[in-house]
Each structure stands twice: as structure tokens, then as C-alpha cells.
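Just so it is clear, the model here is predicted, and its values are computed rather than measured. The sequence lines fix the lettering, A, B, ..., with proteins before strands; numbering per chain opens at 1.
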2 protein chains.
Amino acid sequence: MRYSHKLSDAVHILAYVEIYHDDDLSSMAIAQSVESNPGLVRRLMAALRAAGLLATQRGTAAPEITRDPADISLLDIYRAVETNDHLLHIDDKTNPQCIVGGNIQETLREAYATVQTAAETQMATITLASLIADIRQREQQRTQS
Amino acid sequence: MRYSHKLSDAVHILAYVEIYHDDDLSSMAIAQSVESNPGLVRRLMAALRAAGLLATQRGTAAPEITRDPADISLLDIYRAVETNDHLLHIDDKTNPQCIVGGNIQETLREAYATVQTAAETQMATITLASLIADIRQREQQRTQS
DNA sequence: TTTGATGTTATCTTTAAAGTAACAACTAGT
DNA sequence: ACTAGTTGTTACTTTAAAGATAACATCAAA
């Protein structure tokens, strides 16, 4: 398949809503910033809404972030939009008659879980607020030079 | 795309070579344990050979692991076979005219790199020897009950 | 020399994600 | 109420990366 950009796009949407809160926040406008399409933006916003991170409404009302960005972690966003939340994947069809094939799945499942936990622990330390601050800082440096 | 099972399959191959070192180690035999096909097994073995983890030869010679399994980490295997070694992906087409679109790529690249490092640090602590030991232990428990 | 397995490459198939489109549902303004 | 405009949702199409399959040259060993 293609690689998923959902997490990146979801961060993009949230940052956009925060930074451009007084401008046009239609799915069309956001899609132009993401260089994607309004349908995808709305689907991602639905996932963020389901996770309790974003409030949206039909009609012209602007979406709003429902929690303090300092209390929203990259992990929260990751879990909200990545339906497949495993970073490493096990081939679950191995020959059970073989010492290796019959046991490797559980062995790897355990090993991969520790890797997943390490990654998620790191994701939990990164907040939406810090990402937005970083975006703003880079913009400042860009416009100064 | 499909999810990659290369890492799992590569561990499977190495464990198989170690555990069945006195039996048939043809790509055909290994493929039956992986429930895959000989072509894929040979391609993965080629990657492991290129990384200096496995010695193979044409003809009937059995492949051999070239380093002490206690000195081969999951990270070594990961780097040997995963051509795409990024766990999280950035959508690299965003609108540069926008504060978010113009800066989020670098922001996320940095954030994702810390997540990648956390995952790889954990992978480095897991050795092929420990994985094989775990497989053997599970097999013992299976045959006892 | 023969046999048989590997090394390598090319092509087809599969699958999950993104792109596209359509339309019902709802909100706000008139 | 009615209209305009946007969201929410779903179905379908396209794309891309991985795996499956196959073919064959290459080499090692008997």
C-alpha cells in the first residue's frame, strides 16, 4: 500500500485550526494547505472529533480544539487517526509444525510490543503546543532572512 | 500497500538456520516454515548477506550465521531488510505559502526522528540470541502440556 | 558432465491508503 | 419557510508498495 500520512495530516489540521482561528477554516481551505482534498480533511476531522480533540459543526461554524494544546500529545493524535496502530508487523501465517513457525509469532509479538511502547512513550512527550510553537518559530526565522 | 513482514520473515529465517542447522536449509524448506515462497526467502537472505549477517553459497552448502547471535540485534536485522526504515511518514507536499504548510515538514521530521530513535534504541536491546531462546522456551512449554 | 540449489531479475497480483465524487443533513441568514 | 452553503458520510476509483510467481543464468558438488 501507500504509506499513511494520516498522522502528519491530522497534526497539520490541528495546527491550522489553531494558527488560523480567525480565518477561513472550511475543509476546502485546510485542504489547500495540506495539498489534499476536502473529503480527506473531513474524514480526519471526524476521527479527531470522535477522539474528543476537535469540535466541529455542520454549516459555517469554525472548528475548535477542545483541549489545551499543551495537554494534547502526538500519541493522542496518533491513536485518534491511525486505525492500524502497529509500527511493526507479524506475518501471522507460519507453519505450526515447526519449532520456529509454531512459536515465533508470540515471541515477536512480545518483542514488538516493547518497541511499540518505547515509540509511544516518546510520542507522549511531544505536545501539540510544542509542535505549533516550533512551526511558528520556523516561520519567524523564514521571514527574517 | 500491504504491511511489510520482511523483518519478521528475516528473524524467522535466521532462527530457522540456527535451530535446524543440521537439517535441510534450502530456501524451499525455509519457505515452507515461513509459509511463503523460495524466491522471497532468497531475496531476504541476500539482504542479510549484504549486511554481513549470513553466509550463503550457491549449490547445496547450508547457510550460516556469521556472527554470534548474542551480537546481532533486532535493529541490525531491521536495517538489513527494511528498505523503507521510517516508522512514521511525512506528507511532503504541503502549501509553502501557508505558515503551517511551509514549516510543518521540518517540524514533524524532527519530532518523528526522536520517535524513531526511541524505537531503534529498544530494538538494539533485543538480540537474535534472546529471540531464539524465547522460541525454544515456548516450544518446551508447548510439548510439556 | 550432470544435478540441483542459489542469485537475480522481471512481471503479475494483492492490499491498504489516498483521491474523487455524490448527496443527505443540518445551520444560519433572509 | 426557504435558500445557500458547509459538514458528515459513504461508495467507488486510482495509486503505490509489498508479496507471489516464474524464469533462467550461475555456480558447487558428486
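Linking ILVMFWY side-chain heavy atoms closer than 4.5 Å, directly or via other members, places B/L44 and B/I65 in a single hydrophobic cluster.
The CG-P distance, from B/L40 to C/dT13, rounds to 18 Å in whole Å. C/dG7 atom P lies 7 Å from atom CE of B/M45, rounded to whole Å. Rounding to whole angstrom units, CD1 of residue B/I13 and P of C/dG7 are separated by 11 Å. Computed from coordinates, the B/D92 CG to C/dA18 P distance equals 13 Å when rounded to whole Å. Atom CG in A/L48 sits about 13 Å away from atom P in D/dT9, given to the nearest Å. Note: NZ (A/K93) to P (C/dT15) measures 9 Å, nearest angstrom. Residue B/H89 contributes atom NE2, which lies 21 Å from atom P of D/dT15 at whole-angstrom precision. To the nearest angstrom, P of D/dT7 lies 13 Å from CG of A/N37.
Residues A/T83 and B/G39 each lie close to DNA chain C; by heavy-atom proximity, the contact nearer the 5' end of the strand is made by B/G39. Between A/L25 and B/K6, the residue anchored closer to the 5' end of DNA chain D is A/L25, taking for each the nucleotide with the nearest heavy atom. Mapping B/M28 and A/D9 onto DNA chain C by nearest heavy atom places B/M28 at the nucleotide closer to the 5' end.
In the interface, the side chain of A/R2 is paired with the base of D/dT15 through a donor and an acceptor atom under 3.5 Å apart. A donor and an acceptor atom sit less than 3.5 Å apart, one in the side chain of A/R43 and one in the base of C/dT20.
Residues B/E139 and A/N103 bring a donor and an acceptor atom of their side chains to less than 3.5 Å of each other.
Separating the CD atom in A/Q116 from the CZ atom in A/R109 is a distance of 13.0 Å, to the nearest 0.5 Å. Taking CZ of A/R42 as the start and CG of A/N37 as the end, the distance is 9.0 Å to the nearest 0.5 Å.
A sub-4.0 Å separation between OP1 or OP2 of D/dT7 and a side-chain N or O of A/S27 is present. For the OP1/OP2 pair of C/dG7 and a distance below 4.0 Å, the side-chain nitrogens and oxygens of B/T56 include at least one atom meeting the criterion. For D/dG19, the OP1/OP2 oxygens have no side-chain nitrogen or oxygen of B/S36 closer than 4.0 Å. Between D/dT9 and A/R49, a contact under 4.0 Å exists linking OP1 or OP2 to a side-chain N or O. Side-chain N/O atoms of B/Y3 include none lying less than 4.0 angstrom from OP1 or OP2 on D/dG19.
Note on B/E106 versus A/R142: no salt bridge recorded, every NZ/NE/NH1/NH2 to OD/OE distance being 4.0 Å or above. Salt-bridge formation is not detected for the pair A/R136/A/E18: no Lys NZ or Arg NE/NH1/NH2 atom is positioned less than 4.0 Å from an Asp or Glu carboxylate oxygen.
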Under 3.5 Å, N/O pairs linking protein and nucleotides 25-27 of chain D:
unit_1: D/dT26; atom_1: O2; unit_2: B/R58; atom_2: NH1; d: 3.1

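When atom types are taken as modelled, the side chain of A/Y20 and the backbone of B/I99 share a donor-acceptor pair closer than 3.5 angstrom.
Residue B/R42 places its side chain closer to C/dG7 than to any other of C/dG7, D/dG19, D/dT6.
In this structure, A/H89 and B/Y3 have parallel ring planes: the angle between them is below the 30° cut-off, well short of the 60° mark.
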